[in-house]
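A short write-up of the structure that comes next.
Bear in mind the structure is a predicted one, so any value in this text is a computation, not a measurement.
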Amino acid sequence: MSIHMIGIIGIITLNLIVLGMVIRWYRNKMLSQYHRFLNKTAEILGGKQMDTIYDESLDSAISEKLNRIIEISSMKKEVAEQERDIIKSLLSNISHQIRTPLANITLYAGLLKEELNESSSFRLADKIEKNAEKLEFFMKELLKSSYAEQKIISVNPKIIELDKIIKKSCQLVEMDAMKKNIHIRSESNDYKVFADPKWTEEVFENIIENAIKYSPNDTEVTITSVQYESFICVQIIDNGIGISEQEQGKVFQRFYRGTNVTDQQGFGIGLYLAREVLRKQQGYMKIKSKLNKGTTVEVFLSRRDL
């Protein structure tokens with residue numbers, strides 16, 4: 001082989017080596033940029049704003065764009081939170097404003113029925129009472145459906161007296177219990193739990209309301225509390241129609257209703273809402289039930305600030 005050919009081969013080989021080194025250097029540079037971009041993205045997802053460097057580099061351009069994304073996202077989040085608070089306040093005010101006149105209409109219709117002797121007038125008063133009760137029911141379900149949106153469930157747990165919450169929840173369903181002559185027996189206790197007062201009251205109201213709704217007349221609903229190391233377990237026990245074993249895992253699903261309660265009013269919101277509230281304040285709930293032998297709902301509330 002001539003010296004000329006050897007020189008050409010040497011030059012080609014050298015060029016290939018240089019080309020390989022350039023490709024490797026460029027690849028490493030791109031990988032480094034990708035890693036920096038991924039790290040910046042991770043920091044942004046964590047809520048950290050990037051330091052902006054005012055130059056003509058690619059890093060500076062990426063940082064500026066990502067910071068802009070953070071600003072827009074923060075603004076939208078703030079607006080969404082404000083709207084959520086407005087909606088929550090509005091729903092609360094509507095509930096308060098409507099419940100009082102509805103309760104009065106029901107009360108006055110009942111008094112009219114007691115005073116009226118003429119059958120036609122009595123029937124009219126009875127219809128007023130029943131329609132007022134229906135309107136109150138649909139209003140409650142509408143509020144529950146709205147609250148069931150997790151973004152509206154904003155809990156602020158603190159150490160509270162459990163007995164006060166349970167008593168207030170019992171008072172809210174007292175009228176429903178009286179209509180079916182169901183006695184609510186609640187044991188007094190001095191337990192304290194870490195929970196949001198208003199939302200926890202909503203939890204117990206929904207559960208006790210269900211216990212009354214699905215129990216026969218002239219029965220009893222019992223509420224007891226058991227203290228454990230980390231939780232207080234509140235048991236709501238009824239003697240109602242019960243839940244089949246196959247359906248017990250589904251009752252916490254949104255809008256789910258058991259096959260044996262289709263003749264009762266409801267939209268399957270109460271237990272779903274209760275579970276979501278408990279989950280947001282480090283609690284949980286369980287159900288034990290047998291068909292036609294009653295149901296026990298166990299609500300576990302944390303004993304300490306976690």
Side-chain angles (χ1 to χ4, degrees), residues 88 92 95-96 99 103 140 143-144 147-148 150 152-215 218-240 242-243 248 251-252 269-290 293-306:
K88 187 168 67 173
S92 179
S95 172
H96 178 73
R99 277 191 175 185
K140 286 182 179 179
L143 287 171
K144 287 179 186 178
Y147 289 153
Q150 293 188 32
I152 293 182
I153 303 174
S154 178
V155 299
N156 296 294
K158 59 184 179 180
I159 299 299
I160 58 174
E161 294 182 23
L162 177 61
D163 197 37
K164 288 183 178 179
I165 298 299
I166 293 176
K167 284 182 178 178
K168 195 165 183 181
S169 300
C170 290
Q171 290 171 359
L172 292 171
V173 298
E174 189 175 15
M175 187 65 70
D176 294 332
M178 289 175 62
K179 289 175 182 176
K180 299 183 71 173
N181 195 30
I182 292 177
H183 176 62
I184 302 175
R185 183 168 60 85
S186 177
E187 297 178 357
S188 297
N189 61 73
D190 58 355
Y191 298 143
K192 288 182 171 57
V193 294
F194 181 65
D196 182 289
K198 285 291 184 183
W199 282 111
T200 306
E201 181 185 304
E202 179 83 19
V203 168
F204 286 121
E205 181 186 356
N206 288 340
I207 296 171
I208 300 169
E209 188 178 60
N210 276 352
I212 294 168
K213 183 191 295 184
Y214 300 124
S215 292
D218 306 312
T219 55
E220 186 176 80
V221 173
T222 305
I223 303 171
T224 62
S225 301
V226 182
Q227 179 174 285
Y228 296 106
E229 183 177 351
S230 300
F231 294 92
I232 300 294
C233 173
V234 181
Q235 297 178 324
I236 298 93
I237 306 164
D238 67 52
N239 298 287
I243 306 166
Q248 287 177 29
V251 294
F252 296 117
I269 296 291
L271 290 180
Y272 169 84
L273 177 61
R275 188 190 65 173
E276 290 303 312
V277 170
L278 292 172
R279 183 179 63 81
K280 284 178 174 286
Q281 56 189 28
Q282 310 300 324
Y284 62 99
M285 62 192 298
K286 294 181 179 179
I287 282 186
K288 300 175 182 176
S289 185
K290 288 186 178 180
K293 292 186 178 180
T295 299
T296 298
V297 179
E298 294 182 331
V299 176
F300 290 83
L301 297 166
S302 177
R303 293 181 57 193
R304 55 180 64 91
D305 184 345
L306 300 178

Going by side chain to side chain contact (heavy atoms under 4.5 Å, CB included), name the residues that satisfy it together with [X], two or more places apart in sequence or in a different chain.
| X | value |
| --- | --- |
| K290 | K293 |
| S225 | L162, I166, N189, Y191, I232, V234 |
| S289 | I243, Q248, I287, T295 |
| S230 | R304 |

For [X], give me all partners under salt bridge (Lys or Arg N to Asp or Glu O under 4.0 Å), at least two apart in sequence or on another chain.
| X | result |
| --- | --- |
| K288 | E298 |
| K179 | E133 |
| E161 | K164 |

Checklist entry - By ring pair (Phe, Tyr, Trp, His ring centres under 6.0 Å), which residues pair with Y284, not counting sequence neighbours? => result F231, F300
Set of residues satisfying side chain to side chain donor-acceptor pair (under 3.5 Å) with respect to [X], sequence neighbours excluded:
| X | answer |
| --- | --- |
| K168 | none |
| K198 | none |
| E174 | none |
| D176 | none |

